[in-house]
Every structure is written in C-alpha cells, then in structure tokens.
Amino acid sequence: MDEAILRVRDLVKHYPLTQGVVFRRRVGAVRAVDGVSFDLARGETLGIVGESGCGKSTVAKLLVNLERPTAGEIRYRGEDITKLSGRALKAVRRNIQMVFQDPYTSLNPRMTVGDIVGEPFDIHPEVAPKGDRRRRVQELLDVVGLNPEYVGRYPHQFSGGQRQRIGIARGLALRPEVIVADEPVSALDVSVQAQVVNLMERLQDEFGLSYVFIAHDLSVVRHISDRVAVMYLGRVVETGTEEQIYEHPTHPYTQALLSAAPLPDPGARERRTRILLDGDVPSPADPPSGCRFRTRCWKAAERCALEEPRLAVPADFRGVTGPVAHPSACHFAEEKARAGVPAGAADA
C-alpha cells in the first residue's frame, strides 16, 4: 500500500444542546465524534464498526464535508480540507464521494436514472462535456452491472440492489480517489449484499479506489476491509488489520462485539463464550469519566474512572512482534486467546 491519501487527526463534532424558547442558552453538547484519528492509504479499505449511535455516520458526513467539524483535521493529500471553502472545497469534493445507506431515499424519485447519475456533471462540467454525457452515463451503468438502456427509467422501477448500484455509479461519475460508503448494504437482502460488496471490490481494483467502509455487520466488514477501526461512544477504541481485530482482539468491547456475531459453524458457536454486557450505552451528551466503556465492562477498576486510556499498543505487548501488538484504548487490554471466560460473561 502507498502512503496515506487521507489523514484524520483528533476529529471532533459536538452538537449543542439548548434550552429556552425566546432566550435560548446552551446547556451542553452531544459529543457525536470526540477525538477520532486514522489514516487511509491509497487502494486501501478501512472498515469502521460499532453500535448504532457510536458516531460512524457522523464521521462519514465530516469526511465529505456534509458537516463541519467542531475541531480536528481532515487532510487529503496533505491539505486540511476542513479549512477550505468555495472553489477549493468544490475541487476536493470531486475526489471524495459518498455512497449512502438507504437506496430507497438517496435517489430522487422524480429524476430518471440518467439524470441522477449524470447530475455530478452539472456541478463539474469539465469532467464530461454536454454532448458526451449520455455516453458517459451509459458507461457508468454498464460498469456497475446495469443495462445502459435503463437511462430513461425511474428509481421505483428498480430493486433495492439495483438502486444501490445506481448510487455507486453516481459516486464514480467524477472519477474520485476516495469513496466513503455509509452502511451501503445494510438495507439489502443478504444475497444482494454479497453482490454489491463483490462489485465494490471489483471497482476498487479497476479504478484504484480507497474506501472508508462503515457498517455494523462484522462479517461484511471482515470480507472487504484491509484494516478495521472499532468505535464506541464517539471514539476509536481499537484499530488494526483485519486479522488483528478478528483473530486477536484486545479491547473488551471488541471482544463483546465479536462474541455476538453470527457464526455459520454450529460447532464453533457451541465452543464460543458469549459476552453479555450489562446496562445500556451511555448518552453521548453525558459520557462517563475516564474510559467510556467502563460502565459496561467486566474489567473496570478505579483507574478506569480516573484515567482515560490512550489508543496505543498496550504496554504488555510493546516489543512483541505479530498480530497481537496493535493499538487498543484499554488499561487492561489482553489477547482474546488469553482472556479466558470473563467475569460477567455467559455462554451463548
């Protein structure tokens, strides 16, 4: 893999909470994203996983500038795009495109497929002259596996999987380098999910794309990702290669997520220890002190409430070679194979 094409550092997005009707005053903030950092290399797929409400989709919106961050940097090719506006921002948006979650609501029902896929050319006419746009749209439909003659049809005439292919074609129209895919297969049937994921992998090889792939389905993320970042309550709690996260998780939250993932092998399901977490996810408007996961963690100690763990290679694994040594934000991080049956865990 080449050097990073996208560098995210200490990314923060807080939404203010206010009270009052006439005289509104700020009383707090929802900390949707609270200090997220990661790199994305050229041609790489970074998977971002976590429970609903952990901040995954907010990160996606920040990356494509649909939302402005409260603080932090998003550097594309070395330039901080959070400080751009006007033509400079428009140029960057051409190179960082998004595929949305719901194919039923992300396509305008009043526009034909040809108009939907060709709309980016209205904003960036330099990419395709007017006389060449129909041909370009038909090429894009063919690339994503749709009949080029469907340009005159409307979204309601397509299935969910076909609509998502239309969304992917629209994302490819401007020949971007980075595509942010926010839960792109969660609204689709399982068999269709596999088709869309395989399509995205083929397109990545064909066009040299870099993906930020956001999902809650751990099996889909494992299939497509080179590296994985696990988010909890606005922060990344563990990051590493696909093998490191799935075979050697060291953070308790990651271990709990993986213990709940469906397994096709009945024997493996019987041998696995299911980790049941107590309580609900805390409010992002009032996160716990110290480690945010401590209120649900079976390893929590006094230190966890007083000291926030850094996302770093745990001290026990420093100097260790192999997949175990990867960043984890836990004071008591340990490899799954050595973790045994945790207190508070129950068999599935």
Side-chain angles (χ1 to χ4, degrees), residues 31 33-38 47-56 59 215-219 221-222 225 227-263 268-269 271-284 286-318 320 322-348:
R31 301 179 179 184
V33 177
D34 208 17
V36 167
S37 300
F38 60 81
I48 300 180
V49 299
E51 294 172 285
S52 296
C54 71
K56 306 186 303 292
V59 169
H216 63 267
D217 189 323
L218 296 170
S219 61
V221 171
R222 181 171 196 177
S225 300
R227 289 189 304 113
V228 179
V230 181
M231 285 190 67
Y232 182 79
L233 211 61
R235 293 187 177 169
V236 174
V237 296
E238 187 169 3
T239 184
T241 65
E242 172 267 327
E243 179 190 1
Q244 288 170 334
I245 296 299
Y246 284 86
E247 299 298 332
H248 305 276
T250 60
H251 195 284
Y253 177 64
T254 309
Q255 294 169 6
L257 278 183
L258 293 175
S259 81
L263 291 177
R269 286 201 301 268
R271 293 189 300 270
R272 178 178 64 181
T273 298
R274 178 71 183 272
I275 301 174
L276 302 179
L277 300 178
D278 294 329
D280 298 323
V281 180
S283 169
D286 186 25
S289 62
C291 175
R292 299 190 173 193
F293 185 60
R294 67 176 176 82
T295 57
R296 306 172 73 195
C297 182
W298 64 91
K299 297 181 181 180
E302 184 179 358
R303 179 185 180 188
C304 301
L306 300 175
E307 182 183 343
E308 181 182 347
R310 294 188 307 111
L311 182 65
V313 176
D316 290 349
F317 299 141
R318 289 171 194 164
V320 175
V324 178
H326 60 276
S328 181
C330 178
H331 296 307
F332 306 105
E334 61 179 337
E335 185 185 358
K336 179 183 67 173
R338 296 194 292 135
V341 181
D347 291 336

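Residues Val59 and Phe38 form a side-chain contact, since some pair of their non-hydrogen atoms from C-beta on lies under 4.5 Å apart. Side-chain contact check for Ser52 versus Val281: every heavy-atom pair is 4.5 Å or farther apart.
Distance CZ/Arg303 to CD/Glu307: 4.5 Å, rounded to 0.5 Å. Rounding to the nearest 0.5 angstrom, the gap separating the OG1 atom in Thr254 from the CE atom in Met231 is 12.5 Å. The line from CZ of Phe293 to SG of Cys304 is 10.5 Å long, rounded to the nearest 0.5 Å. For the atom pair CD of Gln255 and CD1 of Ile245, the computed distance is 10.5 Å after rounding to the nearest 0.5 Å. Atom NZ in Lys56 sits 7.5 Å away from atom NE2 in His216 (nearest 0.5 Å). The structure places CD of Glu243 at 8.5 Å from CZ of Arg222, a figure rounded to the nearest 0.5 Å.
For the side-chain contact (heavy atoms from CB on, under 4.5 Å) criterion with Ser259, the lone passing option out of Leu277, Leu276, Ile275 is Ile275.
Sorted by first and then second residue, the pairs that involve residues 288-297 and meet salt bridge (charged side-chain N to carboxylate O under 4.0 Å, His left out), not counting sequence neighbours, are Asp34-Arg292, Glu51-Arg296.
Put simply, the side chain of Tyr246 gets close to the backbone of Leu218: a donor and an acceptor are under 3.5 Å apart. Although no hydrogens or angles enter the test, the distance criterion places no donor-acceptor pair under 3.5 Å between the side chain of His331 and the main chain of Ala301. The backbone N or O of Thr250 sits less than 3.5 Å from a side-chain atom of Glu238, completing a donor-acceptor pair.
Taking the side chain to side chain contact (heavy atoms under 4.5 Å, CB included) definition, one finds that Cys330 meets it with His251, Pro252, Ser328, Phe332, Ala333, sequence neighbours left out. A search for side chain to side chain contact (heavy atoms under 4.5 Å, CB included) contacts involving Thr239 returns Arg227, Ala229, Val236, Leu311, Pro327, not counting sequence neighbours.
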